[in-house]
Chemist: 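Before I ask anything, let me first share the structure, which is written out below as structure tokens.
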There are 2 protein chains.
Amino acid sequence: MARRPTIADVAQRAGVSRSSVSFALNNRPGLAEETRARILAAAEELGWRPSRPAQALSLGRAGALGLVLTREPDLIGADPFYPAFTAGIESVLSERGDGLVLHVTSADREKSLYERLAADRRVDGVLLTDLRVDDPRPALTASLGLPTVVVGRAEWAGGHCAVELDDEPAYVAAVRALAEAGHRRIAHVEGPREYRHAARRRRAWERTLEELALPPGPLRPGGFTAEGGARATRELLALDEPPTAIVYGNDLAATAGLAVAHELGVPVPGRLSVVGYDDTPLAQYTHPPLASARADARGWGEAAARALGAVIADGAAPDVVLPPAAFLPRASIGPAPAAGNARPGAIRPATVPDVHLSE
Amino acid sequence: MARRPTIADVAQRAGVSRSSVSFALNNRPGLAEETRARILAAAEELGWRPSRPAQALSLGRAGALGLVLTREPDLIGADPFYPAFTAGIESVLSERGDGLVLHVTSADREKSLYERLAADRRVDGVLLTDLRVDDPRPALTASLGLPTVVVGRAEWAGGHCAVELDDEPAYVAAVRALAEAGHRRIAHVEGPREYRHAARRRRAWERTLEELALPPGPLRPGGFTAEGGARATRELLALDEPPTAIVYGNDLAATAGLAVAHELGVPVPGRLSVVGYDDTPLAQYTHPPLASARADARGWGEAAARALGAVIADGAAPDVVLPPAAFLPRASIGPAPAAGNARPGAIRPATVPDVHLSE
DNA sequence: TGCCGTCACTAAATCGGTTTAGACGCGCTT
DNA sequence: AAGCGCGTCTAAACCGATTTAGTGACGGCA
């Protein structure tokens, strides 16, 4: 295998200096059109592309973004978010010929990983996802001088640029839709408390019940997992007054919940309405199809990558607010069962003020 | 933000030359123990780590592996394989402080992406996954001189090192288990034909039926998707003689199939047995729990990363064969319904030769 | 004719590491 | 006293790009 050509080879072949090749490549002014063409032709013939490490060293930028996943592997596995999100990132990076450096780690090694990332100069900046309560990362990357974009709400960002795609409206809409369908006992199976988005979903549920003057519904931990969703559902359905609707933190837990309902002979939506979140590929094909909410993970990735690019280039970038996830009613929700003490129709859509909940 | 320290800063602080710092860092012989300690202390105090781009340029290796996903984004989304696989890769790379560069692309841009990867020198080698029939990539990376490990069978590898984790035995076991349970009409919902693993799964099903002297079962495309799985199931159950068991190409299609069976009032496993593949986190929590097969994706990632490291270092590495995926019988399979023309017990386990199918 | 400004291009420094060849001091032989 | 070998350390080249300062040719103008 022949040694890969360098800029010197191109220069020699075109009969110019290395500087001229560089000028031609980055089409900067000051080269005769004919010379430029000759250089580019030579580069083409040799199949030359500038070496990334050399460019990185020279330019002082790596040409790559970092993404660290701190979720536990099996939590990641079931989540359709990351693949779509990284596809969105990639679509932006590929325009610039940049790359995405992915790391999967656990919470205990997380800190040293970011430190390495910063000291290494292997990436020019990082995207922070899955923000936790009291998340140390925004302050950490700030102190490391590592350009950062937070994927989530601005108030989680600790001064960094934030790219937000709100999941609250979908939860508000789901609870309202259930209330309008006559449900009065609406439960929530929440995700891990340490995640800010899980907490935000729980609060959206909580406050919407309040706003609608409905009694606070039962709450169970579901951990965003199938197992947690199944257990929580079992507990909820075993209550003296079981809920007539359950809003889950994600589709995985909701789908497991559906299975438990089937197993216990509880018809859905006849006796129980079910709502998930994520709109996994499976959601339309469960039985019955699962009401859920779709966030544009790909668009989120795109926006985040673009924002981080701006932060790296300009030192800062304005926050971005993407359209919130849309609630997708499907056949897993229906009117509250008559047997319950819900009074269908008692709450009229028009009487419900359309306020936007904020944290 | 202070400029990040360089090797020169460390050298100055320790009162030595830059070369000595390099020697100390890479603990090479020829430095007095005391000097080495002083240098390392200075590096520690300054929080210095060698710049990756500089090292890459100097050493001629990027210190990173490349992984290109050519699947369509929504196909990727539902697949638990990649997150676990990348976690496995990472666990190997992090030992060496190396990185994983991830690209998501579409089939039409795939070729130029690999070319860029090779010319760029951003990665030292690539892992090839999801091999297709007549896949151009093994030959492409070979011609580009890009160290390559194929994640799959050696005969797909076109001369590259292969890391294999066979899914055939799980399919053979599943079909046999069904046959032993008296099933005679065993259908298959296959994945996209262009994927070699999908084709291999189909053949395993086909040949096992043959070996057991069972009639060839009906076959439907499922595309590894929920939608395809649902449609295929609908078609199969509408046959004049519907199958009493369906073996799906993956859990996603199988789960959608379960939902269709419910919807049509076909009891599982009463009238239909169902088998998936992947053992997604949901599989244990469907209703009934889904028989499936578990491949150690994380271990696969580890082995692949290690093998690629060896290929990069030594120019070649022996193929690796990992333990095959294990068939996991669960409640979604049961005895063939008596109404069918299956004859439970007609086929005795002992009479079934335990041959291993090969392609 | 001499001076100046432009245009097209190049030499050399630079980024931050690694590595090779060699310098220097010291104690031992002979 | 000269020579040798060894242990320790450094100067300088090198990786492959970018960039700055500057060179040389040429045309216009006084």
Side-chain angles (χ1 to χ4, degrees), chain A residues 2-40 42-43 46-64 97-98 116 118-124, chain B residues 2-40 42-43 46-64 97-98 116 118-124:
Chain A
R3 189 181 51 82
R4 232 162 281 267
T6 76
I7 197 172
D9 300 319
V10 178
Q12 188 174 28
R13 182 170 243 265
V16 296
S17 70
R18 299 186 302 150
S19 347
S20 296
V21 177
S22 178
F23 276 46
L25 176 71
N26 303 297
N27 43 26
R28 294 160 58 122
L31 274 190
E33 217 26 77
E34 187 270 330
T35 314
R36 181 185 310 278
R38 185 156 39 89
I39 293 173
L40 293 180
L46 292 176
W48 173 75
R49 289 191 178 246
S51 142
R52 278 300 188 157
Q55 268 187 331
L57 180 59
S58 191
L59 295 175
R61 18 168 270 109
D98 286 348
R116 212 184 75 196
D120 253 349
R121 316 223 118 245
R122 190 204 289 283
V123 300
D124 299 315
Chain B
R3 191 179 51 80
R4 233 162 281 267
T6 75
I7 197 172
D9 300 319
V10 178
Q12 188 175 28
R13 181 170 245 263
V16 296
S17 71
R18 298 186 304 150
S19 348
S20 296
V21 177
S22 178
F23 276 48
L25 177 71
N26 302 296
N27 44 24
R28 294 161 59 121
L31 275 191
E33 219 24 80
E34 187 269 331
T35 314
R36 182 185 309 278
R38 185 157 38 91
I39 293 173
L40 293 180
L46 292 176
W48 174 76
R49 290 192 176 246
S51 142
R52 277 299 185 158
Q55 266 187 332
L57 180 59
S58 190
L59 296 174
R61 17 168 269 110
D98 285 350
R116 213 184 73 197
D120 253 351
R121 319 224 111 234
R122 190 204 290 283
V123 299
D124 300 315

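Letters A, B, ... are given to chains in the order of the sequence lines, protein chains preceding strands, and every chain is numbered from 1.
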Chemist: Taking atom OG of A/Ser19 and atom CD1 of A/Ile7, what is their separation to the nearest 0.5 Å?
Modeler: 8.0 Å
Chemist: What does the list of N/O pairs under 3.5 Å between the protein and nucleotides 24-28 of chain D look like, with a distance for each?
Modeler:
none

Chemist: Quick one: side-chain contact (heavy atoms from CB on, under 4.5 Å) partners of A/Asn27, sequence neighbours excluded?
Modeler: A/Arg36
Chemist: Taking the side chain as everything from C-beta on, heavy atoms only, tell me whether B/Leu31 gets closer than 4.5 Å to B/Ile39.
Modeler: yes
Chemist: What is the minimum heavy-atom distance between A/Ala62 and A/Arg121, and which atoms define it?
Modeler: CB-O, 3.4 Å
Chemist: Would a 4.5 Å heavy-atom cut-off, applied to side chains only, mark B/Ser20 and B/Thr35 as touching?
Modeler: no
Chemist: I'd like to know if the side chain of A/Arg38 and the backbone of A/Val16 have a donor-acceptor N/O pair within less than 3.5 Å.
Modeler: no
Chemist: Report, one line per pair, each donor and acceptor closer than 3.5 Å where one atom sits in a side chain of residues 48-61 of chain B; sequence neighbours left out.
Modeler:
unit_1, atom_1, unit_2, atom_2, d
B/Ser51, OG, B/Ala54, N, 3.1
B/Arg52, NH2, B/Gly97, O, 2.5

Chemist: What salt bridge (Lys or Arg N to Asp or Glu O under 4.0 Å) pairs are there with at least one residue in residues 20-29 of chain B, not counting sequence neighbours?
Modeler: none
Chemist: Please report how far the helix from C/dT1-D/dA30 to C/dT30-D/dA1 bends, comparing the axis fitted to its first five pairs with the axis fitted to its last five, to the nearest 10 degrees.
Modeler: 80°
Chemist: Along nucleotides 6-19 of chain D, 5' to 3', which nucleotides get a B, which get an S, and which get a -, given that the test is a protein heavy-atom distance under 4.0 Å?
Modeler: --SBBBBB-BBBBB
Chemist: Just by modelled atom types, is the A/Thr6 backbone N or O under 3.5 Å from a matching donor or acceptor in the A/Arg18 side chain?
Modeler: no
Chemist: Taking atom CZ of A/Arg4 and atom CG of B/Asp120, what is their separation to the nearest 0.5 Å?
Modeler: 10.0 Å
